[in-house]
S.K.: 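Let me give you the structure first, and then I'll get to my questions.
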There are 2 protein chains.
Amino acid sequence: MSLPHAILTALLEKPSSGLELTRRFDKSIGYFWSATHQQIYRELGKLEAEGLIRALPAEQPARGQRKSYEVLPAGRAELARWTAAAQDPKPMRDTLLLRLRAAAVVGTAGIEADLRRHLELHERQLAEYREIEKRDFPPGRDSPQDRLHHLILRAGIDLETFWTQWLAHALQEFTALPAGGPAPGVTDGEASNGGAGTTPPR
Amino acid sequence: MSLPHAILTALLEKPSSGLELTRRFDKSIGYFWSATHQQIYRELGKLEAEGLIRALPAEQPARGQRKSYEVLPAGRAELARWTAAAQDPKPMRDTLLLRLRAAAVVGTAGIEADLRRHLELHERQLAEYREIEKRDFPPGRDSPQDRLHHLILRAGIDLETFWTQWLAHALQEFTALPAGGPAPGVTDGEASNGGAGTTPPR
DNA sequence: GTCCACATGTAACTGGTTACATGATTGG
DNA sequence: CCAATCATGTAACCAGTTACATGTGGAC
């Protein structure tokens, strides 16, 4: 139940149309809560039906016509309630770690290139965050809003820093590893054909 | 499409029944790819239908009777293919950061307690990881499998370290912040009732 | 024999993803 | 007036979640 609240936040920061929201979800809020335009339109419909937001007046006969929304008092109240409510952190889900675990069983062949690619992606993201920090948070400005936004950005920066460092370390480790084939030292009873492509992918 | 591969990995490490898998997904693999027993049974069914795994023989008339599975060559091949295939990292989704962003608009009242709680949870997880490291990775042992597993655990440790540090920093920042009410300096045109509870939660 | 823990499973729902459809506006 | 682009929307699907149902075997 987070998307509606992400939208409420975005709309409070600035009333917008569906497409404007979509664009803003490509950066800023989207850095930690992404959404596609289909999700956003669907959710805008629900929020309007529930009376948490309303379309800004300006006679719109629907399709092709831009429609902007603003948050109603009830929407602001709901957002405040949600923000203050206790929520458990979700258990993390990371495919890359899963793939490494799999590689320990079926062999590391092929995965190294993708680690390198991920490292590059994270480095790029980190650079982008640092750029934003330099641009939007020069020393001196520190209203409560600034401090909170900076704090959030810091989380992004530190996370990307973690990933780049860990991936660099992982790649280093890989060069020390024997080879790429099916993991030596691991055998299974009868089903051992070495992992060649016997079957079409699912 | 990661759950089936998580299961294949787990089954290659050790053939198991559905419930055994469920238990193993509460730790180990579950630390970075969690799953409930319903998901697991459903997926075991699919994997068997596709010929990637098979039930170990021992006449089982279904319900209430434990049924163990092992991976077939085709399953191992599919896992190797998936492991080596390039995959983009998923954009991250974090509710806590979203809530902070919302707090910058509707006020920080109430959120501090939950930050403190999260900090405690992450500290506990970190301690658990360190415990595992001490137990399972004493200096000296370093087969390729050990190195990979240790590398994965390291990711967990470093991630939890990041969260604990960031949360501690955030809480420090909070004590310096003015107060808890609706964010000062932010006003919106007409819909400003201060965020009091006008409406029942959705 | 009854109760409880173990083990497998079904059904309904929610949120996110992918593919596609349709109308309006604008530049050439 | 036609193509490209902007803008809103529908439909089908898939993965994960929640709640519940059913059978087995052992402890008492």
Side-chain angles (χ1 to χ4, degrees), chain A residues 1-8 11 15-26 29-30 32-50 53 55-56 58-69 82 87-95 98 201-202, chain B residues 1-8 11 15-26 29-30 32-50 53 55-56 58-69 82 87-95 98 201-202:
Chain A
M1 287 288 290
S2 298
L3 179 58
H5 302 97
I7 292 179
L8 287 173
L11 286 181
S16 309
S17 69
L19 199 52
E20 279 169 340
L21 280 177
T22 304
R23 294 205 202 299
R24 292 170 57 197
F25 271 77
D26 282 340
I29 287 188
F32 48 89
W33 203 274
S34 62
T36 62
H37 79 273
Q38 292 88 339
Q39 277 180 281
I40 289 170
Y41 284 121
R42 211 198 314 181
E43 207 58 45
L44 282 173
K46 283 195 215 168
L47 287 170
E48 189 176 23
E50 290 172 289
I53 64 175
L56 285 177
E59 20 87 33
Q60 288 94 358
R63 276 227 149 128
Q65 224 67 352
R66 67 187 288 102
K67 206 162 59 170
S68 282
Y69 295 90
W82 177 81
Q87 282 177 237
D88 285 331
K90 295 202 129 190
M92 81 149 162
R93 287 251 167 87
D94 189 281
T95 1
L98 192 53
R202 301 175 71 182
Chain B
M1 286 287 291
S2 299
L3 178 58
H5 303 97
I7 292 179
L8 287 173
L11 286 181
S16 309
S17 68
L19 198 51
E20 278 168 342
L21 279 177
T22 304
R23 295 205 201 299
R24 290 171 58 197
F25 271 77
D26 282 341
I29 287 187
F32 47 89
W33 204 276
S34 62
T36 62
H37 79 273
Q38 292 89 340
Q39 276 180 281
I40 289 171
Y41 285 120
R42 208 194 321 175
E43 208 58 45
L44 283 172
K46 283 195 214 169
L47 287 169
E48 188 176 24
E50 289 171 289
I53 63 174
L56 285 176
E59 18 86 32
Q60 289 95 357
R63 277 224 148 128
Q65 225 67 353
R66 66 186 290 101
K67 207 162 61 173
S68 281
Y69 293 90
W82 177 81
Q87 282 177 236
D88 285 331
K90 295 204 130 190
M92 81 148 163
R93 287 252 168 86
D94 189 282
T95 1
L98 191 54
R202 304 176 67 183

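Below, chains carry the letters A, B, ... as their sequence lines are ordered, and counting in each starts from 1. Side chains are part of it too, since the values below use all heavy atoms of this structure and drop only hydrogens, waters and symmetry mates.
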S.K.: Using side chain to side chain contact (heavy atoms under 4.5 Å, CB included) as the criterion, list what pairs up with A:Gln38, not counting sequence neighbours.
M.R.: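 Side chain to side chain contact (heavy atoms under 4.5 Å, CB included) list for A:Gln38, sorted by chain: A:Thr36.
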S.K.: What is the distance, rounded to the nearest whole Å, between atom CD of B:Glu20 and atom C1' of C:dT8?
M.R.: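 One finds 13 Å between C1' of C:dT8 and CD of B:Glu20, rounded.
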S.K.: Applying side chain to side chain contact (heavy atoms under 4.5 Å, CB included), name anything that partners B:Ser34, two or more places apart in sequence or on another chain.
M.R.: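 Result, side chain to side chain contact (heavy atoms under 4.5 Å, CB included) vs B:Ser34: A:Pro91, A:Arg93.
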S.K.: Tell me the interatomic distance from A:His37, atom NE2, to C:dT22, atom P, rounded to whole angstroms.
M.R.: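 From A:His37 NE2 to C:dT22 P: 15 Å.
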S.K.: Just wondering, do A:Leu21 and A:Leu44 contact through their side chains at under 4.5 Å, heavy atoms?
M.R.: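 Contact flag for A:Leu44/A:Leu21 side chains = yes.
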S.K.: Using whole Å, what does the distance between atom P of nucleotide C:dG23 and atom NZ of A:Lys67 come to?
M.R.: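 That distance rounds to 16 Å.
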S.K.: Could you list the residues that satisfy side chain to side chain donor-acceptor pair (under 3.5 Å) with B:Glu48, not counting sequence neighbours?
M.R.: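 With neighbours one apart ignored, the set is empty.
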S.K.: Quick one: list whatever passes side chain to side chain donor-acceptor pair (under 3.5 Å) with B:Ser16, sequence neighbours left out.
M.R.: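 For B:Ser16, the residues satisfying side chain to side chain donor-acceptor pair (under 3.5 Å) (neighbours in sequence not counted) are B:Arg24.
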S.K.: Rounded to whole angstrom units, what separation is found between the CG atom of A:Leu98 and the C1' atom of D:dA15?
M.R.: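 Atom CG in A:Leu98 sits about 15 Å away from atom C1' in D:dA15.
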S.K.: So what does B:Thr22 touch, heavy atoms closer than 4.0 Å: a base, only the sugar-phosphate, or nothing?
M.R.: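 Nothing: the residue B:Thr22, judged by heavy atoms under 4.0 Å, touches no strand.
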S.K.: State which residues pass ring pair (Phe, Tyr, Trp, His ring centres under 6.0 Å) with B:Phe32; sequence neighbours excluded, sorted by chain then number.
M.R.: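 Testing B:Phe32 for ring pair (Phe, Tyr, Trp, His ring centres under 6.0 Å), a comparison that skips the adjacent residues, returns none.
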S.K.: Quick one: B:Ile40 CD1 to D:dT17 C1', roughly how many Å, whole number?
M.R.: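 Rounded to the whole Å, the gap is 14 Å.
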S.K.: Looking at B:Tyr41, I'd like to know whether one of its side-chain N or O atoms comes within less than 4.0 Å of OP1 or OP2 on C:dG9.
M.R.: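 Checking B:Tyr41 against C:dG9: no side-chain N or O falls below 4.0 Å of OP1 or OP2.
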S.K.: Just how far, in rounded Å, is C1' of D:dG9 from CG of A:Leu19?
M.R.: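 These atoms are roughly 12 Å apart.
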S.K.: Can you give me the N/O atom pairs linking the protein to nucleotides 14-18 of chain C at distances under 3.5 Å, or say none if there are none?
M.R.:
| unit_1 | atom_1 | unit_2 | atom_2 | d |
| --- | --- | --- | --- | --- |
| C:dG16 | OP2 | A:Gln39 | NE2 | 3.3 |
| C:dG16 | O5' | A:Gln39 | NE2 | 3.4 |
| C:dG16 | N7 | A:Arg42 | NH2 | 3.2 |
| C:dT17 | OP2 | A:Gln39 | OE1 | 3.3 |
| C:dT17 | O4 | A:Arg42 | NH2 | 2.9 |

S.K.: To the nearest Å, how far apart are A:Leu44 CG and D:dT8 P?
M.R.: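 After rounding, the reported distance stands at 9 Å.
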